[in-house]
Amino acid sequence: MLGKMLIVEDDLDLLSQLSHRLSHFGFEVQGCPSAEDAISALRQGPFDAVVSDIQLGEMDGIQLCGWVRQNRPGVPVVVMTGYGTMDVAVSALRAGAHDFVTKPVDLGNLKLVLERALQQQRLHEEVKRLQDPTVGDDAMAALLGTSPAMKRIRELVKRVADTDSSILVTGESGTGKELVARAIHESSRRKDGAFVAVNCAAVPEALLESELFGHARGAFTDAHSARPGLFMRADQGTLFLDEIGDMPLGLQPKLLRALQEKQVRPVGGEGEQPFDARLIAATNKNLEAACAEGLFRSDLYFRINVIPIELPPLRAREQDALLLAQHFVSRYAASMGKPVTGLSSAAALRVLDYEWPGNVRELSNAMERAVALARNEEIMVDDLSSRVRGEGANGASHADAPPPAAESDLSSLESVERTHILRVLRAVGGNKSVAARVLGLDRKTLYRKLDQYR
């Protein structure tokens, strides 16, 4: 399919003709006889472009252009107008139309106009994606780290990127499984293809089969036209099935067959459609245990688990926590326009002490909150949440209010400072420049103290 079109025309004969010919060209088409019906369709599902007549009744094509521009800004609108009405066409362009064609419609010309509109729409989406600070940036954050575990994962990503073998990414929630999948896609020869992601736990069971495999026209009540599934949309690219452990048991043999045969049968369809997509699946569940309990098919498990990648929790790579925290502080400070440069020594210590049950996602949220609340150039302990500060139910910090100790157990200030500096150095993998920033010292001062403490 070249793209999904919404045709808006109150002349039902012309609507039928346009729908038939554009479907013949390779577009997926849905027709509407009024602007009101078109808005309803746009609210219910995504479209790649709209083709609309100007004269439609109570709400005309120009008003429809304005609605689309305000509510679906990435969807181009091509208007159809009669000869001698160039002023109307200009009004439509000012209202947000991408282009116009004159009646009687030259279908070959309309096809070219739509192809250009789709090309521009996809370029718009790509620019928007690159402007999104979470794209690429978060992928870097997920793979950032000096711990041996993260070094092994980066090396593994490079080694498996250009294979077509199925990959199963496992790990706790918030460890960055989708970001690793994106890193694999972007490092592979499929990077120019689509990266299509779906959360198997978020789609109702009754809709998941149609979402994955597509459906034929008339397959069910609202199937007014054929629709390709995610396997076909990921052709020449990567299909990412998140939370695959939650896939309904009845759908698992169909998924297994599709992966083995490299073909899908749309719901209600009669023929098989070949696809060429690389599969990456992810889960936070123990699929081996699920297989033993009869909740997941073992043959499907072995099919998707050709190359396993297990992401460690953040608490298992303590030395990465400060690097990630600094990364997020810099990102959120830039996006909020705040002159926050990093963490104070006391705040850095709390970041190291906290176990981060929500992993990298929780750390990101914590640093966003801290930057938003910060009143200084550094994140202070008070800027952190009570959970990260380690406060008890009465609001007292465990770190600030240690239990009474014998005089012989008390350490000198010099000893505390030495211990803290060495701990920060270990956490950042021995990088003295990073350690100096975390400690709030210039490098000369840090070198002097290291020499002092031998």
**Asked** Taking atom types as modelled and ignoring hydrogens, do the side chains of Ser34 and Asp37 form a donor-acceptor contact shorter than 3.5 angstrom?
**Response** yes
**Prompt:** Can any side-chain N or O of Glu261 pair as donor or acceptor with the backbone N or O of Gln263 at less than 3.5 Å?
**Reply:** no
**Message:** Rounded to the nearest 0.5 Å, what separates atom CG in Leu287 from atom CG in Leu295?
**Reply:** 10.5 Å
**Prompt:** After noting the C-alpha distance and the side-chain angles of Lys254 and Arg265, does the key distance pass the side chain to side chain contact (heavy atoms under 4.5 Å, CB included) rule?
**Reply:** CA-CA 9 Å; Lys254 297 180 181 180; Arg265 181 189 294 272; over 6 Å; no
**Asked** Under the 3.5 angstrom rule, does the side chain of Asp235 hit a backbone N or O of Phe275 as a donor-acceptor pair?
**Response** no
**Request:** Would you check if there is a donor-acceptor pair between the side chains of Gln326 and Ser330 at a distance under 3.5 Å?
**Result:** yes
**Message:** Does Arg278 form a side chain to side chain donor-acceptor pair (under 3.5 Å) with Ser188? I'd like the steps, not just the answer.
**Reply:** CA-CA 10 Å; Arg278 200 262 187 84; Ser188 74; 5.2 Å; no
**Request:** Taking the side chain as every heavy atom from C-beta outward, state whether Asn284 and Glu243 have any atom pair closer than 4.5 Å.
**Result:** yes
**Request:** Please report the closest heavy-atom contact between Val388 and Ala366, naming both atoms and the distance.
**Result:** CG2-CB, 4.5 Å
**Message:** If you apply the rule side chain to side chain contact (heavy atoms under 4.5 Å, CB included), what do you find for Leu168 with Thr283, and how did you get there?
**Reply:** CA-CA 8 Å; Leu168 179 63; Thr283 183; 4.3 Å; yes
**Item:** Backbone N/O of Val371 and side chain of Lys338: donor-acceptor pair under 3.5 Å
**Value:** yes
**Fill in**
Scanning both residues in full, the closest heavy-atom pair of Leu118 with Gly3 reads CD1-CA, 4.3 Å
**Asked** Measuring from Leu22:CG to Gln17:CD, what's the distance to the nearest 0.5 Å?
**Response** 10.0 Å
**Prompt:** Are the side chain of Asp53 and the backbone N or O of Leu56 linked by a donor-acceptor pair below 3.5 Å?
**Reply:** no
**Prompt:** Looking only at heavy atoms, what is the nearest atom pair of Glu178 and Ala197, with distance?
**Reply:** OE2-CB, 3.9 Å
**Request:** May I ask you to check whether over 12 heavy atoms, not counting those of Arg369, lie within 6.0 Å of atom CZ?
**Result:** yes
**Asked** Taking Asp320 for the side chain and Ser147 for the main chain, is one N or O donor matched with an acceptor at less than 3.5 Å?
**Response** yes
**Request:** Side-chain contact test, heavy atoms from C-beta onward, threshold under 4.5 Å: evaluate it for Thr175 versus Val180 and give yes or no.
**Result:** no
**Item:** Closest non-hydrogen atom pair, Ile379 against Val329
**Value:** CG1-CG2, 4.2 Å
**Prompt:** Hey, are the side chains of Leu239 and Phe231 touching, using non-hydrogen atoms and a 4.5 Å cut-off?
**Reply:** yes
**Enclosure of Glu205 CD (heavy-atom neighbours >12, cutoff 6.0 Å)** = no
**Asked** Quick one: are Leu18 and Met80 in side-chain contact, heavy atoms under 4.5 Å?
**Response** yes
**Request:** Answer yes or no: is there a donor N or O on one side and an acceptor on the other, between the side chain of Arg350 and the main chain of Arg389, under 3.5 Å?
**Result:** yes
**Asked** Do Asp246 side-chain atoms and Cys200 backbone N/O form a donor-acceptor pair below 3.5 Å?
**Response** no
**Rounded distance [0.5 Å steps], CG in Asp162 versus CZ in Arg159** = 13.5 Å
**Request:** Could you walk me through whether Lys151 and Glu155 pass the salt bridge (Lys or Arg N to Asp or Glu O under 4.0 Å) test, one step at a time?
**Result:** CA-CA 6 Å; Lys151 289 178 180 178; Glu155 178 62 27; over 6 Å; no
**Message:** Any heavy-atom pair between the side chains of Leu279 and Leu241 that's under 4.5 Å?
**Reply:** yes
**Item:** Flag if over 12 foreign heavy atoms under 6.0 Å of CD, Glu310
**Value:** no
**Asked** Step by step, would you call Arg154 with Val157 a side chain to side chain contact (heavy atoms under 4.5 Å, CB included)?
**Response** CA-CA 5 Å; Arg154 284 198 296 270; Val157 165; 5.7 Å; no
**Asked** Should the heavy atoms of other residues, nucleotides or ligands under 6.0 Å from CD of Gln63 be counted, would the total exceed 12?
**Response** yes
**Fill in**
Heavy-atom closest pair (Ile244 atom, Phe296 atom, distance to 0.1 Å) is O-CE1, 3.4 Å
**Request:** Might you confirm whether atom CD of Gln260 has over 12 heavy atoms from other residues, nucleotides or ligands at distances under 6.0 Å?
**Result:** yes
**Asked** Any sub-3.5 Å donor-acceptor pair from His185's side-chain atoms to Ile280's backbone N or O?
**Response** no
**Request:** Say whether, by atom type as modelled, one donor and one acceptor occur between the side chain of Ser187 and the main chain of Ile184 under 3.5 angstrom.
**Result:** no
**Glu172 versus Asn359, side-chain donor and acceptor atoms under 3.5 Å** = yes
**Complete:** dist Phe328:CZ -> Leu323:CG (nearest 0.5 Å) comes out at 11.5 Å
**Message:** Would you say NZ of Lys191 has more than 12 non-hydrogen atoms from neighbouring residues, nucleotides or ligands within 6.0 angstrom?
**Reply:** no
**Side-chain heavy atoms of Asp99 within contact of Val101, under 4.5 Å** = no
**Request:** Give a yes or no on whether the backbone of Pro274 and the side-chain of Lys262 come within a donor-acceptor separation of less than 3.5 Å.
**Result:** no
**Prompt:** Could you walk me through whether Asn71 and Leu42 pass the side chain to side chain contact (heavy atoms under 4.5 Å, CB included) check?
**Reply:** CA-CA 9 Å; Asn71 296 277; Leu42 286 163; over 6 Å; no
**Request:** Mark yes when over 12 heavy atoms from residues, nucleotides or ligands other than Glu377 sit less than 6.0 Å from its CD; otherwise mark no.
**Result:** no
**Message:** So, applying side chain to side chain contact (heavy atoms under 4.5 Å, CB included) with Met367, which one of Val340, Leu324, Val351 is it?
**Reply:** Val351
**Complete:** The reported gap from CZ in Arg361 to CG in Leu314 (rounded to nearest 0.5 angstrom) is 12.5 Å
**Glu378 side, atom CD; Thr341 side, atom OG1 - distance, nearest 0.5 Å** = 5.5 Å
**Request:** Begin from the C-alpha positions of Asp164 and Arg190 and carry the test salt bridge (Lys or Arg N to Asp or Glu O under 4.0 Å) through to its verdict.
**Result:** CA-CA 10 Å; Asp164 282 331; Arg190 295 177 177 270; 3.1 Å; yes
**Item:** Least distance between heavy atoms, Gly108 atom then Asp106 atom
**Value:** N-OD1, 3.0 Å
**Request:** Check whether any side-chain heavy atom of Leu6 lies under 4.5 Å from a side-chain heavy atom of Val51, and answer yes or no.
**Result:** no
**Asked** Would you find more than 12 non-hydrogen atoms of other residues, nucleotides or ligands less than 6.0 Å from Arg257 atom CZ?
**Response** no
**Request:** Compare all side-chain heavy atoms of Phe195 with those of Arg182 and state whether any distance is below 4.5 angstrom.
**Result:** yes
**Request:** Just jot down the ring-ring contact (aromatic ring centres under 6.0 Å, His included) partners of Trp356, sequence neighbours excluded, or say none.
**Result:** Tyr354
